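Report on the structure given below.
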Amino acid sequence: MAEQHTIIVAIVTRKPENLQGGGAPVFIVEDEEALQKTAMTLEKIMDAAAQEINTETIVLVAR
Amino acid sequence: MNEYLVSVLMGVFFGFISRLTLLRTDFRQYPTYPQGRIIHLSFGFIAAFIGAVATPAVMESDWTAVTFLGLAATQFREVRKMERETLAKVDEFELVKRGTPFIEGMAQAFESRNYMVMFTGLVTTLFAVYSVWLGAVAGIVKLFVVKFNMSGKLLLDIADVSEGDIHFEGPTLYVDNIVIKNVGLEKSRQIIMERAVGIIVTPKNQNSIVTLSHLGQRQAMLHHIATVLGSFLDSGEPALLPLAKRDLEDGRIALFVLPREKDFEQIKTVLEHVPVLDSAIRMPREADKGKG
C-alpha cells in the first residue's frame with residue numbers, strides 16, 4: 001500500500017482530438033452510452049479502475 | 001533434585017495455563033486449526049518449562065544450566081519471525097489486507113506471550129520452592145496480570161467515530177468534505193450510493209492526529225470492518241475497494257467501505273475496538289521542540 005505505481009492501461013474517449021500519443025491504446029466511441037459500456041468491459045478485462053477525466057474521456061488505471 | 005519436583009511442576013502448570021488463556025481464537029481467525037494451536041501450545045509448554053527450572057538451577061548453583069536456559073530463551077525470537085512470515089504470506093490473499101504494520105504487531109504479541117509464560121513459570125516456582133501454597137497464589141496472581149495487563153490501546157481511546165455523508169460531485173466521491181477517489185463508471189457510482197458507508201474518524205488530540213495518519217493504522221481499520229462486517233468486493237473490482245483518506249487540514253480520516261451490514265452502530269462499535277498499532281503510535285507532544 002505504501003508504494004503505488006500507477007499506469008494508464010487504456011483510454012476511452014468521445015473526443016480523440018483532445019488526446020495525443022502515449023503508451024496506452026485509445027478506444028474511440030460515439031456516445032455517452034458506448035463510453036460507459038466500453039469502459040466497463042475494459043475494467044472487467046484489465047482489473048483496472050475506470051476513472052473519469054471529463055465527460056468525454058475515461059482512463060483505465062492499474063495500481 | 002526431587003525436592004524441587006513439585007515446585008517445577010507447578011511452575012510448568014501455571015505457565016502453560018497462562019499460555020492457554022492468551023491463546024484466543026476470535027474474529028481475527030488465527031489460529032483456528034488444531035495444528036496451529038499445537039504449535040503455540042507446545043512452544044508455550046517449553047517456555048513454561050524453561051522458566052520453571054531456572055529457579056532450582058540457581059539454587060543448586062548450577063550455573064551451566066542457568067546459562068543454557070538463557071540461550072534457550074533467545075530461541076523464542078524465532079517465533080516472531082515465523083508468525084510474521086506466515087501472516088505476511090496469508091495476507092497476500094486477503095481481499096482487504098491486514099497490512100504489514102498490523103502483522104508486525106501480531107508477531108510481536110506472539111513472541112511476548114512466550115516471555116510472559118516463561119516469567120509466570122519462573123515466579124511460580126520461585127514462590128513454590130518456599131511453600132507450595134504460596135506458589136499457587138503467585139501463579140494465580142500472575143495469571144490475572146497476564147490476562148489483563150497485556151492489551152494495548154483501542155481506537156476509542158484516541159479518536160471519535162461518526163457517520164459521514166457519501167456523495168458525488170461529478171465523478172469524484174466525497175465523504176463529507178474529504179475527497180476519496182474518482183469513479184468513472186455510472187454503474188459503480190450507483191452501487192456505491194446504494195451500498196457504501198462513509199465514516200469520519202476524528203482524532204482527539206495532536207498525538208492521535210499523527211497516529212491516525214499512519215497508513216498501516218488506516219489499513220488495520222479497513223481490515224477490521226471487512227473481517228467482522230463482510231465486504232461487497234471481489235478481486236478485480238478496484239472501484240469498490242475500501243479506502244481511507246485524510247483531511248490535510250485537521251487530520252480527520254474519512255473511511256469509505258462497502259460492508260455487508262450497513263448498520264452504522266455496528267460499524268462504529270467494530271471501529272472503536274480496532275487496536276492502536278504499536279508501530280503507528282507517535283508522541284510528538286512528548287518531544288522537546290524548543291517550546292512548551
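Convention: sequence-line order gives letters A, B, ...; per-chain numbering from 1. Treat the numbers as computed from the prediction; the structure is a model and nothing was measured. The figures here come from the full heavy-atom set of this structure, side chains too, leaving out hydrogens, waters and symmetry mates.
Within a 6.0 Å radius of NZ in A/K44, more than 12 heavy atoms belonging to other residues, nucleotides or ligands are found. No more than 12 heavy atoms of other residues, nucleotides or ligands lie within 6.0 Å of CD in A/E33, so this atom counts as exposed by the packing criterion. No more than 12 heavy atoms of other residues, nucleotides or ligands sit less than 6.0 Å from atom CD of A/E30. Annotation: B/K245, atom NZ; neighbour count of heavy atoms from other residues, nucleotides and ligands within 6.0 Å does not exceed 12. Atom NZ of B/K153 has 12 or fewer neighbouring heavy atoms from other residues, nucleotides or ligands inside a 6.0 Å radius.
Neither the backbone nor the side chain of A/A62 comes within contact range of chain B; no heavy atoms are under 4.5 Å apart. Heavy-atom distances place no part of A/K37 under 4.5 Å from chain B, backbone and side chain included.
A/E43 has no carboxylate O lying under 4.0 Å from a charged side-chain N of B/K187, or vice versa, which leaves the two without a salt bridge.
A pairwise comparison of heavy atoms in B/E186 and A/Q36 identifies N-OE1, 2.7 Å as the closest pair. Taking all atoms of both residues into account, the shortest heavy-atom contact from B/P238 to A/A49 is CG-N, 3.4 Å.
Just one of B/N182, B/T172, B/L185 meets the side chain to side chain contact (heavy atoms under 4.5 Å, CB included) condition when paired with A/E52; it is B/N182.
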